[in-house]
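Scroll down for the structure; my scribbles are underneath it.
Below, chains carry the letters A, B, ... as their sequence lines are ordered, and counting in each starts from 1. In what follows, every heavy atom counts, from backbone to side chain, and hydrogens, waters and symmetry copies are set aside.
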Number of protein chains: 2
Amino acid sequence: MSGKRKGLGRATVHDVAKLAGVSSITVSRYFKQPDIVSQALRDRIAEAVNALDYLPNHAAGGLASTRGRIVAMVIPNISGPIFANTIQSFSDELNRHGYQLLLASSYFSVEKEEDAVRAFLGWSPAALVLTSQYHSEGTERLIAKATMPVVETWDYVPERKPVQVGFSHVDVGRQSVEYLHGKGYKRIAFVQNSLIGDLSALDRRDGYIARMTEHGLEPWVFVPTQADPFEAGRQAVNSLLLRKQPAEAIIFANDNLAAGGMLAGARAGMRFPEDCAIFGFGNYAFSEMLLPSLTTIRPPAREIGEVAALRILQTLGEASVEGPVQRLNLLDCELIARESA
Amino acid sequence: MSGKRKGLGRATVHDVAKLAGVSSITVSRYFKQPDIVSQALRDRIAEAVNALDYLPNHAAGGLASTRGRIVAMVIPNISGPIFANTIQSFSDELNRHGYQLLLASSYFSVEKEEDAVRAFLGWSPAALVLTSQYHSEGTERLIAKATMPVVETWDYVPERKPVQVGFSHVDVGRQSVEYLHGKGYKRIAFVQNSLIGDLSALDRRDGYIARMTEHGLEPWVFVPTQADPFEAGRQAVNSLLLRKQPAEAIIFANDNLAAGGMLAGARAGMRFPEDCAIFGFGNYAFSEMLLPSLTTIRPPAREIGEVAALRILQTLGEASVEGPVQRLNLLDCELIARESA
DNA sequence: TTTCGCAATGTTACCGGTAACATCATCGAG
DNA sequence: CTCGATGATGTTACCGGTAACATTGCGAAA
């Protein structure tokens with residue numbers, strides 16, 4: 001209140017200290033390590049804090065101690081059906097330990113991701129969380145130099161340096177083929193998303209190709225030109241089924257495409273899985289409500305957020321989170337067999 | 001590098017200044033108001049910034065200038081189908097102007113909300129965004145004293161002091177009745193959610209009651225005891241339709257309940273809307289894919305995030321966002337008539 | 001030529017905490 | 001009774017920026 005600079009107009013440690021008749025560092029200790037402050041002073045300080053409505057300024061604290069309690073996360077998108085659960089569980093776990101989440105979305109653009117990372121690093125977050133293994137060169141450089149823990153989620157690439165929390169998209173592709181092949185299907189097609197942004201989907205396609213080849217079957221990849229997932233699905237179904245040797249089964253890059261394909265097919269009088277088996281990825285909320293309900297693979301979205309948070313908290317030495325830090329965290333996907341395949 | 005305290009080990013304004021042969025404030029100005037720095041110095045500074053990989057420390061900047069560039073938002077949940085779009089558009093609009101989003105979820109608990117607000121205020125965010133008009137007393141006290149702009153979203157209560165960006169839940173309730181009444185239905189029931197947390201749903205119920213009464217019809221509110229939305233929906237359908245004078249139409253508090261009710265009814269051999277008209281709220285992603293597709297009301301989720309961000313940016317005086325600040329922002333809901341009613 | 005105004009740059013102190021070190025009181029061992 | 005270990009509290013300076021005020025240089029007006 002006395003300086004020539006105005007400040008926030010809120011009570012500071014110094015105000016509290018003065019009112020309680022102690023030094024400001026004691027107030028600081030009262031919050032950080034209450035056990036080393038005597039009961040008498042604790043009471044006086046508590047009273048002063050209350051009287052002044054004191055709230056610690058985390059920006060100042062972080063600056064002085066060089067470790068703030070915010071964690072930054074860049075995710076492709078928030079509103080989609082995929083990542084929301086990861087964000088939710090990640091955020092909850094952090095909040096539980098007094099950390100706050102700084103969030104931005106990249107829309108599957110590595111340039112936007114780099115922008116976000118650059119902006120975040122300016123806050124010196126306690127940790128940085130990215131999605132997938134695919135980044136721009138600039139991002140790679142930034143994270144290589146970063147001093148805080150970095151975690152990559154939704155992918156699992158043991159060769160990479162950052163902590164990995166996710167699963168192998170290639171294996172998901174193989175697993176899909178395996179399931180359909182086990183049911184006797186031979187002419188199995190794969191429908192990619194036209195959006196070149198989601199690079200992990202290409203890994204699933206590669207897994208599909210590999211496993212098909214191992215079975216001596218010919219891979220058959222269709223790339224829609226439409227961006228809208230429902231339109232793209234329609235395009236795929238029309239192209240793959242309205243021919244002399246139609247596909248017996250179709251693996252779609254995600255449930256949105258699969259749903260679009262099924263709806264389009266149904267309107268054209270096709271029946272699933274009688275005319276063609278349909279296989280998705282993602283287990284979106286609507287997938288079990290479709291008619292027929294969609295056979296798909298559920299990625300461990302919630303678990304990814306949880307484990308990523310735990311690894312970070314461990315690395316930061318949060319006492320309440322026991323166990324050693326684990327750099328590689330391979331989580332399980334669950335194949336959900338429903339009516340469509 | 002010289003002090004006895006370690007710092008982050010990253011380059012600072014001072015390092016850049018030394019290398020460029022200028023004073024540190026000039027480097028600061030180079031970032032904040034480049035136009036008042038001469039071209040010659042700008043070039044030298046740019047070079048130094050590059051050579052040192054300098055990244056401004058926003059925490060320090062915010063502390064010194066008493067206005068940081070983060071905005072805090074508390075939302076009931078991230079992963080649900082409702083708020084994700086609001087978060088997404090809000091975050092995008094902020095990022096576009098160099099602000100970052102700090103996010104936490106309350107799970108419809110006013111106590112959790114208060115915790116989050118308290119934690120956020122410690123970061124002295126440039127603005128604070130809450131959901132709905134219902135808060136704890138503690139939260140009310142905190143926002144009354146807050147010095148930064150506060151915005152309430154997903155509701156519209158002109159009497160309240162904070163900036164309002166949303167719609168009237170009471171009106172939504174009335175509008176639902178109006179639509180069904182216009183179709184000739186008389187015995188119209190309302191199914192509330194058992195979760196007492198979502199207080200706005202009660203406003204929709206009140207609107208339903210008011211409009212029914214105005215039409216001389218008797219309100220009929222059913223409160224499920226089951227927490228799971230699908231189970232609750234089943235419970236409601238059983239209770240409202242398996243009786244001598246069954247409901248002719250049911251308004252559900254949200255699309256989840258409505259979907260649960262329809263699936264349960266379909267399994268029991270009922271047909272919609274022949275046996276009963278079904279009306280939801282929320283326009284969730286799956287609603288148009290149900291069989292029959294669900295008649296519902298689409299809340300302006302994306303618009304809320306956008307407008308909230310714009311109002312905040314205007315209040316903060318972001319030059320690039322023109323127009324006066326508007327305290328009341330009533331956005332339109334859209335009634336989507338589909339097959340179920 | 002002198003003076004004034006303004007643009008460009010620098011000096012100093014301060015934002016609100018906390019690390020590092022200093023000091024003081026207490027208490028048990030020698 | 002003295003000394004040193006231990007625990008509680010205080011002093012000082014510093015984290016990395018920027019507000020406020022000071023200074024300098026230069027051109028236009030008088």
Atom CZ of A:R67: over 12 foreign heavy atoms under 6.0 Å: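 No.
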
Would you say the side-chain atoms of B:E114 and B:S136 include a donor-acceptor pair closer than 3.5 Å? yes

Is the B:F31 ring parallel, tilted or perpendicular to the B:Y54 ring (thresholds 30°, 60°)?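 Rings of B:F31 and B:Y54: tilted, as their planes differ by 30° to 60°.
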
From [atom1] of [X] over to [atom2] of [N], roughly how many Å is that when rounded to an integer?
X     : N      : atom1 : atom2 : answer
A:N57 : C:dC14 : CG    : P     : 18 Å
A:Q33 : C:dT18 : CD    : P     : 10 Å
B:I45 : C:dA8  : CD1   : C1'   : 12 Å
B:R69 : D:dG16 : CZ    : C1'   : 18 Å
A:K32 : D:dT9  : NZ    : C1'   : 19 Å
A:R29 : C:dA20 : CZ    : P     : 12 Å
A:K18 : C:dG17 : NZ    : P     : 13 Å
A:I25 : D:dA13 : CD1   : C1'   : 12 Å

Let me see the working for B:R160 and B:E140 under salt bridge (charged side-chain N to carboxylate O under 4.0 Å, His left out), right down to the final yes or no. CA-CA 11 Å; B:R160 285 186 56 83; B:E140 290 287 358; 3.1 Å; yes

When we call it a touch if two heavy atoms are under 4.0 Å apart, what does [X] touch: a base, just sugar-phosphate, or nothing?
X     : answer
A:H14 : base
B:F31 : nothing
A:V27 : nothing
A:T12 : sugar-phosphate
B:R42 : nothing
A:V22 : sugar-phosphate

Compare the minimum distances between each of [options] and the side chain of [X], then state the nucleotide with the smallest one.
X     : options                : value
A:V13 : C:dG17, D:dT9, C:dT9   : C:dG17
A:T26 : D:dA19, D:dG10, C:dT18 : D:dG10
B:R67 : D:dA19, D:dG17, C:dA19 : D:dA19
A:L63 : D:dA19, D:dG17, D:dG16 : D:dG16

Nearest-0.5 Å distance, CZ of residue B:F108 to OG of residue B:S200: 7.5 Å

Counting just side-chain N and O atoms, does [X] come under 4.0 Å of either OP1 or OP2 of [N]?
X     : N      : answer
B:S65 : D:dT18 : no
A:Y30 : C:dG17 : no
A:S24 : D:dG10 : no
A:R44 : D:dT9  : no

Which atom of A:R42 lies closest to which atom of A:V37, heavy atoms considered: NH1-O, 3.0 Å

Name the residue closer to the 5' end of DNA chain D, choosing between A:V37 and B:A64 according to the nucleotide with the nearest heavy atom. A:V37

Which residue, B:A60 or B:Q39, contacts DNA chain C at a nucleotide closer to its 5' end, judged by nearest heavy atom?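 Of the two residues, B:Q39 wins.
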
